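Have a look at the structure that comes next, please.
Since this is a predicted model, take the numbers as computed values, not measurements. Residue numbers start from 1 in every chain, and the chains themselves are labelled A, B, ... in the order their sequence lines are given, proteins ahead of strands.
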2 protein chains.
Amino acid sequence: MTDRELRVSKIENGTVIDHVAGGQALNVLAILGIDGSEGTVVSVGVNVPSDRLGRKDVVKVEGRELSQSEVDVLSLIAPEATINIIRNYEVAEKHRVERPERVVGVLQCSNPNCITGENEPADTEFEVLKDGVRCVYCDTIIRKDFADHILA
Amino acid sequence: MTDRELRVSKIENGTVIDHVAGGQALNVLAILGIDGSEGTVVSVGVNVPSDRLGRKDVVKVEGRELSQSEVDVLSLIAPEATINIIRNYEVAEKHRVERPERVVGVLQCSNPNCITGENEPADTEFEVLKDGVRCVYCDTIIRKDFADHILA
């Protein structure tokens, strides 16, 4: 194995999501809508040793800066994550993910009868709890598989 | 960003699956039954530049050597892959994936009435075609989503 094979390419422009909870990287990719078939250049480390977290995941996405709503959903599965925006090979911005109090228009309620369902004009809105999110309209609580509830 | 952050850890013992077709890395992980929650240390490069393939994926799995049946299924989605078995930080074995003529006892037939279905004693057996696999019992052809058809 050459040294070159051991490296993950330094990204020119994009986002590095670091300090993701160990084992959550594939959920991060799902939240970002990345499965590889769309051609995005991505590198991922899963369950790598970390001083702070014991184990952590790292996700590097070339050519894309995350939107605030993407960061909001990330905070639900990776509350300790740090987000580095890379421009021209340098860290241009460094953010700590902050759990928002509310998540508006990002997740779909899992209750099919909720007023925020299809063909309804209301935006979805969830109150962020310690261990999940609660729909402010119908009180349905979502505790996991957030990636499956992201609105297209 | 430090140089250290740019590196994927050299693996001590495990498998490096290189020259996977671009965008297929997550399917490789699915075939290997890895989603991160089981704690496996993995690093993945998706759509990275490759002289031979244009774009390729690379998957490095710590602490695991692939079985022949896993390699057989990998060959269906990553016919160009090379598999390096790493022991004590060195490449101990290097294999090119070879498409087998038959895949026995690995994939489940998608025809629910096939004789190889649940509660039947027959092992599944597929003939490998250029663009998929054909069940030798009921002629059902599977052309994609092989990861979804792997027997537990």
Side-chain angles (χ1 to χ4, degrees), chain A residues 1-11 14-16 18-30 32 34-51 54-63 77-78 82 84-87 89-92 94 144 147, chain B residues 1-11 14-16 18-30 32 34-51 54-63 77-78 82 84-87 89-92 94 144 147:
Chain A
M1 198 184 315
T2 64
D3 187 57
R4 195 177 173 285
E5 286 181 287
L6 297 174
R7 279 170 185 276
V8 171
S9 305
K10 202 165 179 169
I11 65 177
T15 303
V16 176
D18 200 356
H19 301 107
V20 174
Q24 290 294 327
L26 299 190
N27 289 331
V28 168
L29 292 180
L32 301 181
I34 294 171
D35 69 5
S37 63
E38 73 294 322
T40 314
V41 181
V42 184
S43 57
V44 178
V46 179
N47 292 309
V48 298
S50 159
D51 290 340
R55 295 274 182 190
K56 70 170 183 179
D57 290 4
V58 185
V59 177
K60 301 181 188 188
V61 184
E62 177 86 39
I77 64 162
T82 48
N84 296 332
I85 307 294
I86 312 294
R87 294 184 193 128
Y89 295 108
E90 301 291 336
V91 177
K94 200 169 179 110
K144 56 177 187 173
Chain B
M1 195 185 312
T2 64
D3 188 58
R4 193 178 174 284
E5 285 181 286
L6 297 173
R7 280 169 185 276
V8 171
S9 305
K10 203 164 177 170
I11 67 177
T15 304
V16 176
D18 199 355
H19 302 106
V20 174
Q24 290 294 328
L26 299 190
N27 289 331
V28 168
L29 293 181
L32 302 181
I34 294 170
D35 70 4
S37 63
E38 73 295 322
T40 313
V41 182
V42 184
S43 56
V44 179
V46 179
N47 291 310
V48 298
S50 159
D51 290 340
R55 295 274 182 188
K56 70 170 184 178
D57 290 4
V58 186
V59 177
K60 302 181 187 186
V61 184
E62 177 85 41
I77 63 163
T82 48
N84 296 332
I85 306 294
I86 313 294
R87 295 183 193 129
Y89 296 106
E90 301 291 336
V91 177
K94 200 168 180 112
K144 57 178 186 169

* Asked: What heavy-atom pair brings B:Ile34 and A:Leu26 nearest, and what distance separates the two atoms?
  ->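 Closest approach of B:Ile34 to A:Leu26: O-CD1, 4.0 Å.
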
* **Nearest heavy atoms of B:Thr40 and A:Asn47, plus distance in Å** =>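 Heavy atoms of B:Thr40 and A:Asn47 come nearest at O-ND2, 2.7 Å.
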
* Please flag which part of B:Leu29 lies under 4.5 Å from any non-hydrogen atom of chain A: side chain, backbone, both or neither. =>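 Side chain only.
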
* To do: Go through A:Ala21, A:Gly22, A:Gly23 and name the one with the most non-hydrogen pairs under 4.5 angstrom from chain B.
  =>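 The answer is A:Gly23.
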
